[in-house]
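Predicted model only: the values in this text are computed from it and were never measured. First the proteins, then the strands, lettered A, B, ... as listed; each starts at 1.
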2 protein chains.
Amino acid sequence: MSQSTAEARSERYEELLRAAAECFQSRGFAATSIDTVARHLGATKGRVYHYFPSKMDLFNAVRDRAMDLVFAASDDGYQMQGTPAARLNVMSAGHARSMIDDLPYMHVLIDGLQMLRYSTTTQFQREAMEAHLTRRDLYEQRFREVVLQGVADGQFHIGPQLSITIQSFMSTLNGPVFWYRPRGEDTPESRQAIVDDVVRFAMSGLGLSADSFTQHSNQSQKVFA
Amino acid sequence: MSQSTAEARSERYEELLRAAAECFQSRGFAATSIDTVARHLGATKGRVYHYFPSKMDLFNAVRDRAMDLVFAASDDGYQMQGTPAARLNVMSAGHARSMIDDLPYMHVLIDGLQMLRYSTTTQFQREAMEAHLTRRDLYEQRFREVVLQGVADGQFHIGPQLSITIQSFMSTLNGPVFWYRPRGEDTPESRQAIVDDVVRFAMSGLGLSADSFTQHSNQSQKVFA
DNA sequence: AGGAAACATACTACTTGGTATGTAGTCAAT
DNA sequence: ATTGACTACATACCAAGTAGTATGTTTCCT
């Protein structure tokens, strides 16, 4: 197999994955038939089943890809040096940005959890689900870790139950998946403005004003230790 | 028809409505069959179709009921006298409380929006959907109104885009629908603690500390005008 | 007793996940 | 140039499930 054919296959695979994500987004898993995905591509079932052995595998592939994307989106902030507030700010912005930019995938990721008790008949599917949940916990753990550190530093001011605060924080960041829909007039800048506002709200929920975590070229301002 | 039979019918109707809500919650609309709902009641299709002419009508009834509940839950706060912060606090607590107490209904309400472009084939269904969206807008408008007044009073501090703030605020309040699941050990008090923490986060997102909106028996404390 | 309400049962037309098979194009070796 | 193997699909088909209907059957009220 030559280089170009391998690339071509990869492109076809991506095309199929995206089409599936879009269908799952707009109609949900159960209401999306394989024929639906195929028609969305101007193809037939044969093509879909050539790349994925079953509908469930297709869905899992989309969900796993979504997880890859959201991990990548917040990784810079997580690996970054700086205060918990600064790190969390970059992580959150990346996360929220991904919600908007990769909306079809993220929609699958967010409400793909209801699949928990849905049709977990097969053993193989149970394992795939469990592996996914592990990754998800790992992801949430990153945010929890940084928030906890901010609380320890006295920089964040949260309620008595950390888990509730984390859930609320993530709910805010995930929000765009439910209410944002791309329009003709929106630009990269307008999308960034949305992200900034969402992140501002989320950080503010932790008791932080924008001054305390945004990057200033003038370093003289330091509100907290 | 006697009084008791009318009551009995009403009870049966409620029982069916709740069973449907629970099924729709756990599996979604498309994956829930009429037989599923019937089996959940230990009955057969005949019973379901005796009360509802179609699956879609059943779903609409659940969704409308959910809207009734959430309206009722936040109405006290909306009608209340007081500062925008105090009113919004009570409204939000009622809303969040309803998310937890009426979880099956609320789940249907929240993600029932994806039905927008789903199978809106019939004209009648389009009208039902449009009527529902109108009520939903009206509901959100109540929160928007109170938030806007708080901003005008200088009591709230929000980002440049009001609509984004409102969406984030509602996302936080709706959050429990996605992550809360009833457990054996939770009590009315523990549930209230969850509600309080969620509301605290949401209000904090508007730049409000808990001191500025909670009711104090000692009235001497007034942080803002 | 008679009728209507409240279901259960049996059945139909249709959809859907998955499979089995056909087929056009590609690539490499002879 | 031809052949053979393989990829990348399309087509045809089947078993299972589902929304809705038509028709019993039991229970309750009057």
Side-chain angles (χ1 to χ4, degrees), chain A residues 1-20 23-24 26-63 115 118-125 128, chain B residues 1-20 23-24 26-63 115 118-125 128:
Chain A
M1 196 161 55
S2 71
Q3 177 72 14
S4 62
T5 49
E7 281 174 12
R9 172 169 180 103
S10 176
E11 276 178 29
R12 298 297 243 176
Y13 179 89
E14 291 298 323
E15 193 183 8
L16 221 161
L17 208 62
R18 166 156 286 269
C23 291
F24 287 144
S26 59
R27 311 180 208 215
F29 176 76
T32 300
S33 72
I34 299 288
D35 285 313
T36 302
V37 178
R39 271 198 303 270
H40 193 64
L41 284 164
T44 64
K45 298 166 71 155
R47 181 162 164 193
V48 178
Y49 278 104
H50 181 68
Y51 289 88
F52 297 93
S54 78
K55 183 184 176 182
M56 207 62 215
D57 284 278
L58 176 58
F59 182 82
N60 285 338
V62 171
R63 202 182 45 187
M115 193 98 35
Y118 165 56
S119 70
T120 48
T121 47
T122 72
Q123 176 63 22
F124 186 72
Q125 176 53 20
Chain B
M1 193 161 59
S2 73
Q3 178 73 16
S4 63
T5 49
E7 280 174 13
R9 172 169 180 103
S10 177
E11 275 178 29
R12 299 297 242 176
Y13 180 90
E14 291 298 322
E15 193 183 6
L16 221 161
L17 207 62
R18 166 155 285 270
C23 291
F24 287 145
S26 59
R27 309 178 210 212
F29 175 76
T32 300
S33 72
I34 299 288
D35 285 312
T36 302
V37 178
R39 273 197 303 269
H40 193 64
L41 284 164
T44 63
K45 298 166 69 154
R47 181 163 165 193
V48 178
Y49 279 103
H50 180 70
Y51 289 87
F52 297 93
S54 78
K55 183 183 175 182
M56 205 63 215
D57 284 279
L58 176 58
F59 182 82
N60 286 338
V62 171
R63 203 183 44 189
M115 193 96 39
Y118 166 56
S119 71
T120 47
T121 46
T122 70
Q123 177 62 23
F124 185 72
Q125 174 55 20

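Using cut-offs of 30° and 60° for the angle between ring planes, the F24(A) and F59(A) rings count as perpendicular.
At whole-Å resolution of the value, OH in Y13(A) and P in dA8(D) are 14 Å apart. Rounded to an integer number of Å, the gap from CG of L41(B) to C1' of dA6(C) is 14 Å. With rounding to whole Å, F52(B) atom CZ is found 19 Å from dT21(D) atom C1'. Atom-to-atom, CD of E15(A) to P of dA8(D) comes out at 13 Å; the value is rounded to the nearest Å.
Taking each heavy atom of T32(A) and K55(A) in turn, the nearest pair found is O-NZ, 2.8 Å. Taking each heavy atom of L16(A) and V48(A) in turn, the nearest pair found is CD1-CA, 4.1 Å. Smallest separation of non-hydrogen atoms from V37(B) and C23(B): CA-SG, 3.9 Å.
The structure places OG1 of T44(A) at 8.0 Å from CG of D35(A), a figure rounded to the nearest 0.5 Å. The CZ atom of R63(A) sits 6.0 Å away from atom CE of M56(A), with the distance rounded to the nearest 0.5 Å.
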Reading nucleotides 14-20 of chain C from 5' to 3' and marking B where a protein heavy atom lies under 4.0 Å of the base, S where only the sugar-phosphate is that close, and - otherwise, the string is --SBBB-
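Within the 4.0 Å cut-off from OP1 or OP2 of dC9(D), not a single side-chain nitrogen or oxygen of H50(A) is found. For R12(A), no side-chain nitrogen or oxygen approaches OP1 or OP2 of dA8(D) to under 4.0 Å. R47(A) has no side-chain polar atom (N or O) that falls below the 4.0 Å cut-off from OP1 or OP2 of dA10(D).
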